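One structure is given below, encoded as structure tokens.
Just the heavy atoms: all of them, side chains too, but no hydrogens, waters or symmetry mates, feed the values below. Along the sequence shown, residues are numbered consecutively beginning with 1. Everything numeric here is computed off the predicted structure, so don't read it as measured data. In each ligand, atom 1 is the first atom listed, and ligand 1 is the first ligand listed.
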Amino acid sequence: MTSPVLVPILGDQLSRNLSSLDGLSPDNTVILMMEVWDEATYVKHHKQKIVLIFAAMRHFAEALRAEGFTVDYVTLDDPDNTGSFTGEVARACERRAPSELRVTESGEWRVARAMDEWEGRLPCPVSILPDTRFIATHADFRDWAEGRKHLTMEYFYREMRRKTGLLMRDDGKPEGGEWNYDADNREPPKEGLKAPPAPKFAPDDITQEVIALVGERFADHFGDLEPFGWPVTREQALEAADAFFARRLAKFGPYQDAMVHGEDDLYHSMLSTSLNIGLLEPLELCQRAEEEYRAGRAPLNSVEGFIRQIIGWREYVRGFYWHAMPGLAEANELNATRPLPEFFWTGETDMRCLADCIRTTREDAHAHHIQRLMVLGNFCLIAGIDPQDVADWYLAVYADALEWVELPNVAGMVLYADGGNLATKPYAASGNYINKMSDYCGKCRYKVSQKTGDGACPFNPLYWHFMERNRERLESNHRIGRIFATWDRMGEAKKAEYRTSAEKFLDSLIPARKGWARNETGEAEKC
Ligand code: FAD
Ligand code: DLZ
Ligand code: SF4
């Protein structure tokens, strides 16, 4: 092969219809895939996340080879591996003397900036192509956001409904007459609520080899290595999607916000890892969901809710990320500076809701949305945890975490660190919300009905402590401002009790030791 086109494919670009592969024939193309130390350690990812990415990359390489493509696959333990995308792309240029390097843009700011340097460093022209796997282009989001005071997701979502035609009637109105059926989707869990299990995929030889590698090289990273059951091929991901549509979609809506001890994913799809690394496409999932509705197998509130998560929230946070970076990574509007507590890594806390969410995170590299938002996130918000500590934790511990989706959720939705550009109000809640939406509180050491003092649910005093601390910033917010009238009506003695209880609890928190999320120096370790 003379002067081929060199196509680097990153670990979250495992899609056959990737823009960089479009129109290329196997005869004159070399595909480059790289397991690199920098990516595996810029935060110390959960062991299962590394297995997921490497195993899916190795399977994707096999599938491309079966089509006749030449794949240069650099494994982590290749003695010449330089440890970085830039180093490996430069080495591949020496090996292959390509006529052109063609790559799909990176999903992450950090890698995109490195890619911008390639043109000047490499001996061939470099084309960086748009990632066409998203429904909204960067320009779509920019145009929509321009001149708006508030970037409310709901209005962006309506644009996406119009653009895709999903759940739209011929007269241009939304199916069923409403855009959003969230009001029907807040059922608390019934006693004994249990969903049909999501499929788990037994690791084949390729995945077993990666599990052994990760066990050896990343032993000090957070999380259980096994059992590992995530889909690592498109076929497995399609099987997981089939199971979701057949068994869970119909009840996805009503129980979307419910939490049950030990029932980790309830009616959620468990498809985020497959979507985020490219095994599934957002539009194909939404079209399947719509078919289930049209065939009468799933109600509109469930189907609309599922579609909104994908063409609404997922597309919106991606647009928001590129709109708000690089500032978003530094944002700290509420001046939160408390270090993340050690129990986020060990799970050792008597707060039963947090312990259960951290357990599922450790066991599965997954927790569902309300666990991430209203238990783990809510705690970080009202306890005033430093946004960078929180972002590192979420980026490290979830198998579906890539910065473009993790950071807007953490800094914007959970912590209000961006000053309310993403969320219209902070999602702060006392123990009452968790008690209503879960079965956690009944067997907790703390009493959810007790507001202050020893034995009171810590969410209760922390909630008021947060409100009082941030009064100046929050009072003018029409969605939350009225809460201060309740505070003002409280007697001084009651207020003092809240303050004392919250401060006593905050003082008891042990900060996480350095080295859980990043190594001590903050630099990627040497391979
Ligand atoms: P389902 O509940 O079945 O939802 C279907 C799909 O909708 C998901 O697979 C996902 O692709 C999409 N989706 C739902 N909510 C969101 C959202 N808020 N933002 C973007 N997409 C959404 N999701 C990630 O994919 N990666 C992350 O790193 C991530 N970090 C998060 C951090 C915080 C603090 C919060 C509150 C949410 C985060 N989410 C993240 C969103 C959401 O929690 C996960 O997408 C979801 O739990 C994945 O499980 P699932 O596939 O069963 O989702
Ligand atoms: C998350 C991840 C990890 C752990 N390792 C690799 C890797 O070795 N090689 C690779 O191509 N991609 C990896 N990824 C995913 C990348 O971090 C992701 O592709 C970039 O951040 C761009 O979005
Ligand atoms: Fe969580 Fe409070 Fe309920 Fe315990 S009582 S489970 S700490 S909300």
task = To the nearest 0.5 angstrom, please state how far the OG atom of S501 sits from the CD atom of Q450.
result = 8.5 Å
query = Does V89 reach the side chain of M34, with side-chain heavy atoms less than 4.5 Å apart?
reply = yes
key: 4.5 Å side-chain heavy-atom contact, V51 and T207   = yes
request  = Tell me, please: is F85 in heavy-atom contact with ligand 2, that is, under 4.0 Å?
outcome  = yes
query = Are F54 and ligand 2 in contact, using a heavy-atom cut-off of under 4.0 Å?
reply = yes
Does ligand 1 have an atom that lies less than 4.0 angstrom from a heavy atom of [X]?
X: F252; result: yes
X: A367; result: yes
X: Y394; result: yes

If you have a sec, work out which protein heavy atom is nearest [atom] and how many Å separate them, to one decimal?
atom: atom 22 (C) of ligand 2; value: S106 OG, 3.1 Å
atom: atom 2 (Fe) of ligand 3; value: C457 SG, 2.3 Å
atom: atom 2 (C) of ligand 2; value: I53 CG2, 3.9 Å
atom: atom 8 (O) of ligand 2; value: V36 N, 2.8 Å

May I ask which of [options] has a heavy atom nearer to [atom] than the others do?
atom: atom 3 (O) of ligand 1; options: A240, A411, S269; result: S269
atom: atom 35 (C) of ligand 1; options: N409, V410, V405, I370; result: N409
atom: atom 20 (C) of ligand 2; options: E105, E88, E39, H46; result: E39
atom: atom 49 (O) of ligand 1; options: H368, H369, M270, H366; result: H366

task = Go through L422 and L151 one step at a time and tell me if the side chain to side chain contact (heavy atoms under 4.5 Å, CB included) criterion holds.
result = CA-CA 6 Å; L422 188 146; L151 301 181; over 6 Å; no
message = So if I apply the ring pair (Phe, Tyr, Trp, His ring centres under 6.0 Å) rule between F252 and each of F306, Y267, F245, which one comes out positive?
response = F306
Under 6.0 Å between the ring centres of [X] and [Y]?
X: Y398; Y: H366; result: no
X: W322; Y: F134; result: no
X: F343; Y: F379; result: yes
X: F320; Y: F156; result: no

Per-atom contacts, ligand 1 versus [X] - under 4.0 Å to a heavy atom:
X: M413; value: 18 (N)
X: S272; value: 9 (O), 25 (O), 48 (C), 49 (O), 51 (O)
X: E406; value: 28 (O), 30 (N)
X: H268; value: 1 (P), 2 (O), 3 (O), 52 (O)
X: L373; value: 36 (C)
X: N276; value: 24 (C), 25 (O), 26 (N)
X: L271; value: 9 (O), 51 (O)
X: I310; value: 6 (C), 7 (O)

N, O or S from C444 under 2.8 Å to atom 4 (Fe) of ligand 3 = yes
task = Record the part of F306 in heavy-atom contact with ligand 1 below 4.0 Å; permitted values are side chain, backbone, both and neither.
result = side chain
ask   = Looking only at heavy atoms, is any part of D400 under 4.0 Å from ligand 1, and if so is it the side chain, the backbone, or both, or is it neither?
value = both
key: Under-4.0 Å heavy-atom contact with ligand 2, by part of M33 that carries it   = neither
ask   = For ligand 2, which part of D12 has a heavy atom less than 4.0 Å away: the side chain, the backbone, both, or neither?
value = both
message = Would I370 and Y433 count as a side chain to side chain contact (heavy atoms under 4.5 Å, CB included) here? Give the steps.
response = CA-CA 11 Å; I370 292 302; Y433 175 87; 4.0 Å; yes
Polar atom proximity, [X] to ligand 2 (N or O, under 3.5 Å):
X: E108; result: yes
X: G11; result: yes
X: M34; result: yes

query = Does the pair L300 and L167 meet the rule for a side chain to side chain contact (heavy atoms under 4.5 Å, CB included), with working shown?
reply = CA-CA 9 Å; L300 186 54; L167 294 180; 4.1 Å; yes
ask   = Do H369 and Q309 have side-chain atoms, one donor and one acceptor, less than 3.5 Å apart?
value = no
key: Donor on one side chain, acceptor on other, T82 and E88, under 3.5 Å   = yes
N, O or S of C441 under 2.8 Å from atom 2 (Fe) of ligand 3 = no
task = Answer yes or no: is there an ion pair linking R288 with E284, defined by an N-O contact shorter than 4.0 Å?
result = no
query = Between W464 and Y498, what is the ring plane arrangement, given parallel below 30°, perpendicular above 60°, and tilted in between?
reply = tilted
inquiry  = Between E315 and A136 (side chain of the first, backbone of the second, donor and acceptor by atom type, cut-off under 3.5 Å), is there such a pair?
reply    = yes
query = For the side chain to side chain donor-acceptor pair (under 3.5 Å) test, which of H368, Q371, R248 pairs with D265?
reply = R248
ask   = Which ligand 2 atoms, with their elements, are less than 4.0 angstrom from a heavy-atom of E35?
value = 8 (O)
